[in-house]
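Basis for what follows: all heavy atoms, side chains included, without hydrogens, waters or symmetry-related copies. Numbered from 1 within each chain, the chains take letters A, B, ... in sequence-line order.
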Amino acid sequence: MADKKHKFNLRDHAADFWDASPRWRKVSLSFLFIAICYALPFLNNPLINTPGSDFQSVLFYPVGMYVLMAIGLNIVVGKSGLLDLGYVAFFAIGAYTMAILGTKTSLNFWEILPIGMGFAMLAGVLLGTPTLRLRGDYLAIVTLGFGEIVRIVAVNTDAIGGPRGIAGIPTPPDIFNAKFTILDPKPYYWLLLTFTLLMIWVVRRMAARRPGRAWDAIRQDDDVAQLMGVNTLKYKVWAFVLGAAVAGVGGVIYASQILSIVPDQFNLNVSILILACVVFGGIGNVWGVILGAALLAFTPERIRFLSQPRILVFGVALVVMMNLRPDGVLPKKKREHFDPDWHTIEESGEGEIK
Amino acid sequence: MDFALLRDAFWGLTFDGLALGAIYALISLGYTLVYGVLRLINFAHSEVFMIGTFASLVASGIMGVKVEDDPRTGWKMVLTLLVCLLFSMAASAITAVLVEIVAYRRLRQRGATKLATLISAIGVSISLVELFRIITDSLPREFPRIMDKTFLFSYAGADIRNDKVIVIVAAGVMMFALERFISKSRYGKGIRAVSMDETTATLMGVNINRVITVTFLAGGLMAGAAAFFYILTYENTSFKVGFFLGISAFTAAVLGGIGNLKGALFGGFMLGILETYTSAVFGTAWKAVISFSILVLVLLIKPTGLFGESIQQARV
């Protein structure tokens, strides 16, 4: 442990710098960061440009969408240690809510957004309440099954388009001077970014309060948490539902931009990719997760010039990176002031899914 | 809903289900063995199976069988079948061992978290699928008919086809051999010891790296056999084949209680039969929904699967 402390570590230095900063510096740095994020579509740097696909579209999907979903999944997997392999189901529920209500009723995007979120949360409660009693790998297979069931039901139900899906989903009405059209992905990106920043704020607040402490306790040891009086099932369902809400919002925005959806967009690979984003970036640490999602979503687009083997390169890169940095690119900061007797807990992989 | 079909063709469906279940059981043994020793879902196991099907294809090419040829007969047929089987098993076993070295070994020795290892295995799985997608140009491949498929006899209205009999019998022999290996051999004892307590096993002089390699090897051999039986029955394969079979086999392993050999066997056969019945009643489109629903129900009543999770008392 001691030698680890002396090793130069960019993340810890950045964290120390942040903690030591006066308030004005924190505020101005935050504003600078947010401004850069909003200005990203106008950047035309050959280094980050994506030859072969429109950079502004790439920023919306996959990059922005993966970042939002990874933040949502991080609540479930990273904060509370529940392995969810069917996260795409909530995304699909949001997207289908937008598609069905948008084409069949006169509700507009802003009215459907909370409904889609609500349906996704309801699905989270319905799936979570019975299954969150299960542990680790059993939960993984049940959620995986749920993700597949949602897709199969969508494929086999003719009322919602069957395998052909739903086309002609309306775009959101204009707000401020932003016009939502198929041709211009920028407003969608800004909308998504706004939700993402909102989510980061919500998650950070939650993590600092009672739910956050309960999730920490559950992740480290479910039985001990229960013994100490944490209502584990309640907080697990809460984590699940919050994660579902984020994916639901993502789904609604996605459907309103892409204009037509088919069930096969919502396959297991999406769930696995989002999970890879979370683990690749640094599980539990929201900045790591954002970085991981941005990298994993961006890389396949950046190397599109490789055409055929680009996913192969992606897979190999995943293996190499996990072998080099098993805790992710930007892992969670380890607690620094700890009792020496607690070494074993620190080293037995805190945050590990049991 | 077509319950009449289920009633009329009950024994025929049961028999088909057994043949499918034998393939599931062989694959799920690989999941269960690795889980028992490492406590990890081997996400790349479905690709081990996929490579086995392609190895069978290559072996049939080496033996000079062509898709348009008539099926072979006599000793020539037996020889071709055996060569394909052995080739497929060898290819899968080598792949499984390589997967362990590439995706698992370094992470395990560094004491990485389970999730990091999972993602590493997923990376290997993505790479292998993509590799075969590029090699095969995203097209399914047809497997030549090596043996003539005839009905041996009829029982209670069910026609018993010879290739399915071979699959069930041969899968039974494989499973018996694996059970002997786990319960009697030196390495089998090692596998059981490591699955009980890794640290103590190491202290007692068990070479843990070698035991883990043997575990992957055994799982790969079973998956290779399953791959050959699959391609013999269904006569085609594609780069996607591992995905569907893998999910079903993993479901089967969890259904029986993952980490438990008897559970994997029972779960495999049970899932095979269930899927065949539900496809007959509700149509093939819904079979995955039904099998997952049954899995959820079983897990809610028995949270560690039907037989619980332990490889220590491995009895088939």
Flag the pair B/Leu33 / B/Met222 as yes when at least one side-chain heavy-atom distance between them is below 4.5 Å, and no otherwise.
no

Please tell me if the side chains of B/Thr213 and B/Phe216 come closer than 4.5 Å, counting only heavy atoms from C-beta onward.
no

Run the side-chain donor-acceptor check on residues 115-126 of chain B: report pairs under 3.5 Å with partners two or more places apart or on a different chain.
from: B/Thr117; atom 1: OG1; to: B/Thr113; atom 2: O; distance (Å): 2.9
from: B/Ser120; atom 1: OG; to: B/Ala103; atom 2: O; distance (Å): 2.9
from: B/Ser125; atom 1: OG; to: B/Glu47; atom 2: OE1; distance (Å): 2.6

Aromatic plane relationship, A/Phe90 with A/Phe146 - under 30° parallel, 30 to 60° tilted, over 60° perpendicular
tilted

Please state whether the side chain, the backbone, both or neither of B/Leu299 comes within less than 4.5 Å of a heavy atom of chain A.
both

Chain B interface, residue from A/Pro130, A/Pro326, A/Gly328 that has the most non-hydrogen pairs under 4.5 Å
A/Pro326

With a strict 4.5 Å heavy-atom criterion, list every residue of residues 236-247 of chain B that contacts chain A, or say none.
B/Phe243, B/Ile247

Between A/Phe314 and chain B, with a heavy-atom cut-off of 4.5 Å, which part of the residue counts as in contact: side chain, backbone, both or neither?
side chain

Can you tell me which portion of A/Leu268 sits under 4.5 Å from chain B's heavy atoms? Options are side chain, backbone, both or neither.
side chain

Report which part of B/Val129 has an atom under 4.5 Å of a heavy atom belonging to chain A: side chain, backbone, both, or neither.
neither

Out of B/Thr251, B/Leu131, B/Ile134, which one racks up the most heavy-atom pairs below 4.5 Å with chain A?
B/Ile134

Is the shortest side-chain heavy-atom distance between A/Phe280 and A/Val329 below 4.5 Å?
yes

Checking the side chain of A/Arg151 only, and the main-chain atoms of A/Asn267 only, is there a donor and an acceptor separated by less than 3.5 Å?
no

Non-hydrogen atoms of chain B under 4.5 Å away: do they reach the side chain of A/Ile141, the backbone, both or neither?
both

Test salt bridge (charged side-chain N to carboxylate O under 4.0 Å, His left out) applied to A/Arg164 - qualifying residues, sequence neighbours left out
none

Can you say whether A/Leu85 sits under 4.5 Å from chain B via the side chain, the backbone, both, or neither, judging by heavy atoms?
side chain

Restricting to side chain to side chain contact (heavy atoms under 4.5 Å, CB included), what partner residues turn up for B/Ala253, sequence neighbours left out?
B/Ser28, B/Tyr31, B/Thr32, B/Ile258

Go through the atoms of A/Val155 and report whether side chain, backbone, both or neither lie under 4.5 Å from a heavy atom of chain B.
neither

Are the side chains of B/Val289 and B/Phe282 in contact, using a 4.5 Å heavy-atom criterion?
no

